[in-house]
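Report on the following structure.
All values below were derived from every heavy atom in this structure, side-chain atoms included, with hydrogens, water molecules and symmetry-related copies excluded. All values derive from a computational prediction rather than experimental measurement.
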Amino acid sequence: RGPNRFSFLCVLPGAAAPLPFCCLLAKYDSRPPATDDLRGYSPPQVTRVLARDGTILAEVFQQRRTVVSIEQVPKEMKAAALAAEDADFYRHEGLDYFGMLRALVVNLRSGRMVQGGSTITQQVVKNVLLSPERTFERKAREVLLARRIEQDLSKDEILELYLNHIYFGHGRYGVEEASRYYFGKGVSDRDLPEAAPIAGLAKGPNIYSPRVDEARAMRRRNLVLTQMAQKGFASRRAVEEALKAPIVLAPAGETMPSLAREAV
């Protein structure tokens, strides 16, 4: 799907600085890592112990996550995630070349990985397939894998991986558990005023959690909503109404007893 475009980074005017990065790309392009793990994606999930009447007695987990299909995620939640993290997701081929170039210049000047310039596809790669180390070599592998994933998987499949894998704070992984924890109901019942603060958590769950700092979470939510209006992901009327709505959290104590703590 599209030509081999990593050389784009090397031919931009004034882009001589990224030459070492381009050499890494050429090195790994001949022997890229496999992407089969994404098709068999099976992350740790919550196992619920039920009584005969269906009442949940306890939850067993290493990571508190409940995987949902992309069809179960409402359009408001998907649009909020795109507005918060990657508005051009359905138009690009996995990479934001100008964003990567900007980040690369900053990183080369600092001598270490400071910025990422990552698309949702790249975030899936680095969170699911690669180690968390911040090196130029790992970034090169991330770029190559992002291009290959875009060829092997549909956009909806990539977005589904992203929404199920990322961390939303307070030991919750994926949009389903985030929805249950913050608002007391599953992601399929999310409306716009609730979807936006959840999407905003991806940038920094320990910073933007409404259970930690409601004022900061509100500012982040409003930024996501504004982006949604600007990018045409939601009508201005819907966004204006959502901006007026308070963030109404579920009581923090409404959680099931667990039989296994989150693995550290």
Residues K185, S179; criterion side chain to side chain donor-acceptor pair (under 3.5 Å); working and verdict: CA-CA 6 Å; K185 48 190 175 181; S179 297; over 6 Å; no
Supply the atom-to-atom distance [X] [atom1] to [Y] [atom2], rounded to the nearest 0.5 angstrom.
X	Y	atom1	atom2	value
S69	E176	OG	CD	10.0 Å
L201	I166	CG	CD1	8.5 Å
Q230	R236	CD	CZ	6.5 Å
L192	S235	CG	OG	8.5 Å
L129	L145	CG	CG	6.0 Å

Evaluate the side-chain proximity of [Y] to [X]: yes if any heavy-atom separation is below 4.5 Å, no if none is.
X	Y	value
L153	T121	no
M218	N222	yes
F168	S209	no
I120	L82	yes

May I ask you to decide if [Y]'s main-chain N or O and [X]'s side chain share a donor-acceptor pair within less than 3.5 Å?
X	Y	value
Y182	I247	no
D156	I70	no
K155	F89	yes
R221	L243	yes
D88	R91	no
Q227	A84	no
R65	H165	yes
R180	G186	no
H92	G94	yes

Distance under 6.0 Å and angle within 45° of ring axis: R211 vs Y181: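 The answer is yes, since R211 meets both limits relative to Y181.
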Ring-face cation contact, Y208 with K203, 6.0 Å cut, 45° max: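 No, K203 does not sit over the ring of Y208.
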Heavy-atom pair with the smallest gap, counting every atom of E142 and V125: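 Heavy atoms of E142 and V125 come nearest at CA-CG1, 3.8 Å.
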Pairs where residues 186-195 contributes a residue and the test side-chain hydrogen bond (donor to acceptor under 3.5 Å, both in side chains) is met, not counting sequence neighbours: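 Passing the test, one end in residues 186-195: R190-E194.
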Polar side chain donor-acceptor pair, T66 to E177, under 3.5 angstrom: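 Their side chains do contain a donor-acceptor pair, which is all the 3.5 Å distance test asks for.
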Flag for Y167-N206: side-chain donor and acceptor within less than 3.5 Å: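 No, no side-chain donor-acceptor contact under 3.5 Å.
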Side chain to side chain contact (heavy atoms under 4.5 Å, CB included) between K78 and L159, intermediate numbers included: CA-CA 8 Å; K78 289 184 281 190; L159 185 59; 4.1 Å; yes
Salt-bridge contact E241-R237 (side-chain N to carboxylate O under 4.0 Å):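 So E241 does not pair with R237 through a salt bridge.
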